Every structure is written in structure tokens, then in C-alpha cells.
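Per chain, numbering begins at 1; letters A, B, ... match sequence-line order. Source: prediction; values computed, not measured.
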Amino acid sequence: MSTPNDETDRDSPSDFVRDKVVADTAAGKYHGRVQTRFPPEPNGFLHIGHAKSIALNFGIAEEFGGECHLRFDDTNPETEDQSYIDGIQEDLAWLGFSPSGETKFASDYFGQLYEWAEQLIAKGLAYVDDQDAETISEQRGGFGQPGVESPYRERSSDENFDLFRRMKAGEFEDGSRVLRAKIDMQADNMQLRDPVLYRIRHAHHYRTLDEWNIYPTYDWAHGQSDAIEGTTHSLCTLEFADHRGLYDWFLANIDDLPYEAPEQTEFARLNLTHTVMSKRVFRRLVDDGHVDGWDDPRMPTLRGLRRRGYPPAAIRAFVEHIGVAKTNSVHDIELLESFIRTELNEHATRRMAVLRPLQVTITNWPTDAGGQPEVVMVEVANHPKDESAGTRMVPFSGELWIEQDDFKLEPPPKYFRLSPGREVRLRAGFLVTAVDADVDADGHPTLVRCTYDPASAGGSAPDGRKVKATMHWVSAAHAVDATVHLYDRLFTDPHPGSDGAEVFDSLNPSSRETVAAKLEPALAEANPGEVYQFERLGYFATDPGDTSVFHRTVGLRDEWANIQKRRQ
RNA sequence: UGGCCGGUAGUUCAAUUGGUGGAACGCCAGAUUUUGAUUCUGGAGGUCGCAGGUUCGAUCCCUGCCCGGCCAACCA
């Protein structure tokens, strides 16, 4: 089949949500208007799961020429805070998305919400219940068991108005009364068993201050906020599917909606192996000191990933690639990492750094008139595939650091790095041959003696002979010291907390290893937050606050590690 | 126990009104390579959850069953 659409549609994502938008638009719903929203609760920072929702909502708005609003669902003043509002906006901008128009707040709609609640009371569709939370919960019944109607369910509307207004005025204690919708205490969908619309909270709200003594619940606020803003497609995660009946019921029973009622569509949230996407768990990780904070590079929060060096473009590419469906899914974190590598491989500046230094002395290296080893500046490309990245000059001398892994006294099969009698290339420098090595009491090499071929400047010999390995190195006299954090999975279990396990039982005690590294001099001028490739090792980001500290973003693919694994 | 939603390579997703099941990542092999990286080529890998039914023909439609997730906050 070959229609003109094949060409134009190839790159735009297709999924059941977009299919619905296309169908709705074609059917003339909302007069062809498309509007979405991203509605975080300001009680924590964004994580990569939110990135999926953000990309979906903003992506659809853009593809269909519509708008996507940022609206804070700030209906619970006891757990929410202005600092999260600031942080979330910062993270959203970093990810690369700009909301349409002003930032919205559910709290801006408290007045309208209250009026609509009175409208429900007037229609006999809402009532004030004087019972406590525990009693209401018991009366709700259970799965397959009927609910019990509240003794206050048939109150007169006069009494309901009076009580509701006095709740608003602050006459009653927290938790002493609630406003409930009168729906159906026998409904199979538990959400429909007379849900709570308002609870009494004499709490200070960071935006409405002390104006309100009652606060709307999520269910009462969300759909109506969507409707007030003109949302057409209200996208949320699967666990809200049961709430859709409520969402529709509220909208259907309000007379003066400013726009055609929006529709809720649910999709599966993003999960990743070896981590957990839960604000509750995040908070405990931070509070118990398992990580340094919400921006610890091991956290799947956007600020954690940013500090770790994950490029926003790679995160966007990843969440677009995994698509949108209703299947509960857990994505392999390695898939995310492959997107990080793809992005970084293309753009990261190459540098040399030795993480676990082993001393090398070149025994036939020349000395100058003063008896000091001569220093030769060698030119090294900043990117193997991108000439425009230019080159830099790196000092080479007779005393060097190499990686401990790059030398073996007795090389195992298929090992083709340095060992006694074997010649390798020191990248862009010279060919060297190991002679012997000093070892410590445990037999570990402490110093390797080599000879070099003076005719191999630049890394190749005139006779064209080949070597099997090219290694990175740093001149000892010029090395810059740095602290490098090497990160591993936060949780050892691919599915923390599954099969009844306790999430924190699989917390990886060695999720961070810190080493004292030796860097080539150019890295002394590293930019804050920039990601470099340390050749043959991986990608490393400088800490935004201290450029002598590096975080390993992700390692390079490692064939040698695979070979070793297979031999076991 | 009731309701809702799911089940397609190892993993995650596709397959446009029922017509020989594809991609990405991972894995394996080869080529290239002054990063065991990158890049390129090829390969292995499937009882479309199970069983019936409708049909010339079913991953797709119907029924039943099995498995997984969510729901009984005055959280979102």
C-alpha cells in the first residue's frame, strides 16, 4: 500500500489516545478543538514517569494545533508547598516544554467549585454528612457487598445549605462533617458510593491563604477544573479508570459548564526496572539518608537525572519511543540507558581520565638538560566523528597513569591489553611494550615498566605493525585530581517490592562507589553540569556546584565485560 | 467475594474494518575502527495466555476459563 499519508505520518507517533483524538476531531467533537493539560500535585518533584505524561499531553496539543496547560492540583494544603511549584516548573522547562498561557491552579477555581457544590445541593444531589471518616468507610461496604446509606442522606436542602455554609465559615472542627455526592451506595464501582466532595480543614493554603476552611477533594476538583479551562482530552493514568464514572457524573449534573464536557482517557504509567516511581519511597530515601536528596543522581527524579547528566533530549526520545498503551508495563532501565548513550555519543566531548590509577614508567623516555623527563604535547581529537569539535593538546611524558584493568601480569584468554612482552598503543601518543611490574603483598601490580618506540609518535609505527589495543592514559605530572562517583542500580531487585517483598529490602548498599581519579589537564576547565565522554569508560557529568566532582552518567557498552561474563 | 482494565519474541510496543505476525533494545556472528565504543551487515529468538465456537480462513469476532494490575483515603 502506498498512499500519500505514508510519507507524512511516518514520524508522528500513533497510539490509542491519539487515535481517539483523531476520531473525536473527525466527528466534530469540541468543534475540532484539542486541549490537554499536565496536572501535577505540588507535593514532590517530578520523576521520569511524569516525563511520559508530559510528552503525551504536550505532544498531542502540538500535533493537533491545540493547547496544553500546566495546572497545579493544589487541593490538599497540608502536604503541598510553594517550593514544589517552583521546582516542578523548573523541571518542566528543563525537559523542554512550555505550557500554554499562564500557569493554572485548581485553587483559582475554589469559588466556582463551591458554587457548583451548592448547585448539587439544590438539586438534591449532595448532602452534608455528620459522621466521621471511619464510619463512612465502614458504610461504604466491600467488593461484592452492599453499602449502607448514611442516616444524614435525606437531609432537607435547607439544612444542607445551612450546614455547608457554616462548614465554609469555619464553624466546625476538622473532620467533623463532609459534603458528599448522593449517587448510589449499591454501585459496583466503589467510587460511586457517595464520594466526599469537601472536607473541613482549618489549614493555611500557600495561595488562598486563610480564605478557606473547606477544601475540595481530587474528584470534585479535577474534572471541573478541566471543564473551566476548556480541556477536551483529560489524560491520566490507569488507576483513575474507576474515577471516570464520577468524572462524567459531576460534569453531567452541572448546568452551566463553560465548555463542552471533557473526557477522561487512561493510559499506563511508566515503570522502570531496578527503581520505583513513588513519592512516598522517594521521601523515605531522602529522609533516611539513603540518598543525598531529591536531586541525588541515583534518583529517577528529573532533577536527579539532570544532575547525573541525562540529556533532556534523550529522555524525550525515550518516552516517545516506549509509546502509550493500557498494558501495565515495566521497562528495562537499560533501554533508557541506550537512549542516553545514543544522544551522548553524538554530542559529548571526548577526554581521557583514569579512574583506578596504576603507575607506568617508560624506562627509555628521554630526559632534558636538567635531568627531568621531557614533555611532548600530543594532539587529540575531541570527537572521532565530528571534526568541527576540534582537537586539543595533551601532555605526554615518561611517568603516566593507566587504568588498573588495562594491565595484567598473566593475561587471561582474549585479553589484549597490556601485559609483559605485549605492545599496545597509548592513544594519540606512542606504542609501548611492557617489560615487568612491581607488585604489592597481595600480588597486585603497583608499577609497570615499559619501553616505548620513539618512531611511533602519534600512535602508529612507520613499519605499519598493528597492535590489538589502544589505551587511555594521563601524564602523572600534569594530572588533575577529581572525585568521581560511580553509580549502580538503586535497588538490586529488578522489581522492588514485588511478590510481597519489602521495597527497601532490595536497596543496593553499593549503589554509589567513589574513586579518586586522575584527569587530563583540559578537564580542569570543565563546565558545570556538562557531560564528557571519558574514552573507553563512559559518560561523566561535572557536578553543577563543583566541577572537580564527576557523576558517571552511564558506562559505555563493554564487550570485554561480556566476554568475562560468558566465561563464568 | 463484586466491578473495571490488561495478556503478541528475553523486554517494551506495532500489525488501518478477519487474509503467510514486524520494530526497537538486548543477545549471537561478521566487517570497519588509534575508544573491546561508535558505525554497518547478517542471524537466532513466537503454541499471538488456555480451551471451545463462528468462518473457506481467527492474534483480530463470540463464549468459558486461567493469569496479572487497579478499586472499599475526608490522598492524588
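- Just one of A:D219, A:D130, A:D129 meets the salt bridge (charged side-chain N to carboxylate O under 4.0 Å, His left out) condition when paired with A:R180; it is A:D129.
- For B:C74, the base is not stacked against the aromatic ring of A:Y198, per a cut-off of 5.5 Å between centres and 30° between planes.
- Taking a cutoff of 4.0 Å between a charged side-chain nitrogen and a carboxylate oxygen, A:E535 and A:R351 do not qualify as a salt bridge.
- Base engagement by A:R350 is indicated by at least one non-hydrogen atom pair under 4.0 Å involving a base atom.
- Using a 4.0 Å cutoff on non-hydrogen atoms, the parts of residues 329-342 of chain A near RNA chain B are A:S329, A:V330, A:H331, A:L335, A:S338, ordered by number.
- Close to B:U33, at under 4.0 Å from its OP1 or OP2, lies no side-chain N or O of A:R427.
- Judged by the 6.0 Å distance and 45° axis criteria, A:R201 is not positioned over the aromatic ring of A:Y215.
- Between A:D24 and A:K20 there is a salt bridge, since at least one side-chain N of the basic residue sits less than 4.0 Å from a carboxylate O of the acidic one.
- Residue A:T79 has no polar side-chain atom (N or O) positioned under 4.0 Å from OP1 or OP2 of B:C75.
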Enumerate the protein-to-nucleotides 64-69 of chain B contacts in which both atoms are nitrogen or oxygen and the separation is below 3.5 Å.
{"residue": "B:G69", "atom": "O2'", "partner": "A:N328", "partner atom": "ND2", "Å": "3.3"}

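- Relative orientation of the A:F430 and A:F396 rings is tilted, given thresholds of 30° and 60° on the angle between their planes.
- In terms of position on RNA chain B, the residue among A:R140 and A:R417 whose nearest nucleotide sits closer to the 5' end is A:R417.
- For the pair A:R207 and A:F105, the cation sits on the ring face: its NZ or CZ lies under 6.0 Å from the ring centre, inside 45° of the axis.
- Near RNA chain B, meaning a heavy atom under 4.0 Å from it, residues 235-250 of chain A has A:E239, A:F240, A:D242, A:H243 in order of number.
- Judged by ring centres under 5.5 Å apart and planes tilted less than 30 degrees, A:Y218 fails to stack against the six-membered base ring of B:A76.
- OP1 or OP2 of B:U16 has not a single side-chain nitrogen or oxygen of A:R18 nearer than 4.0 Å.
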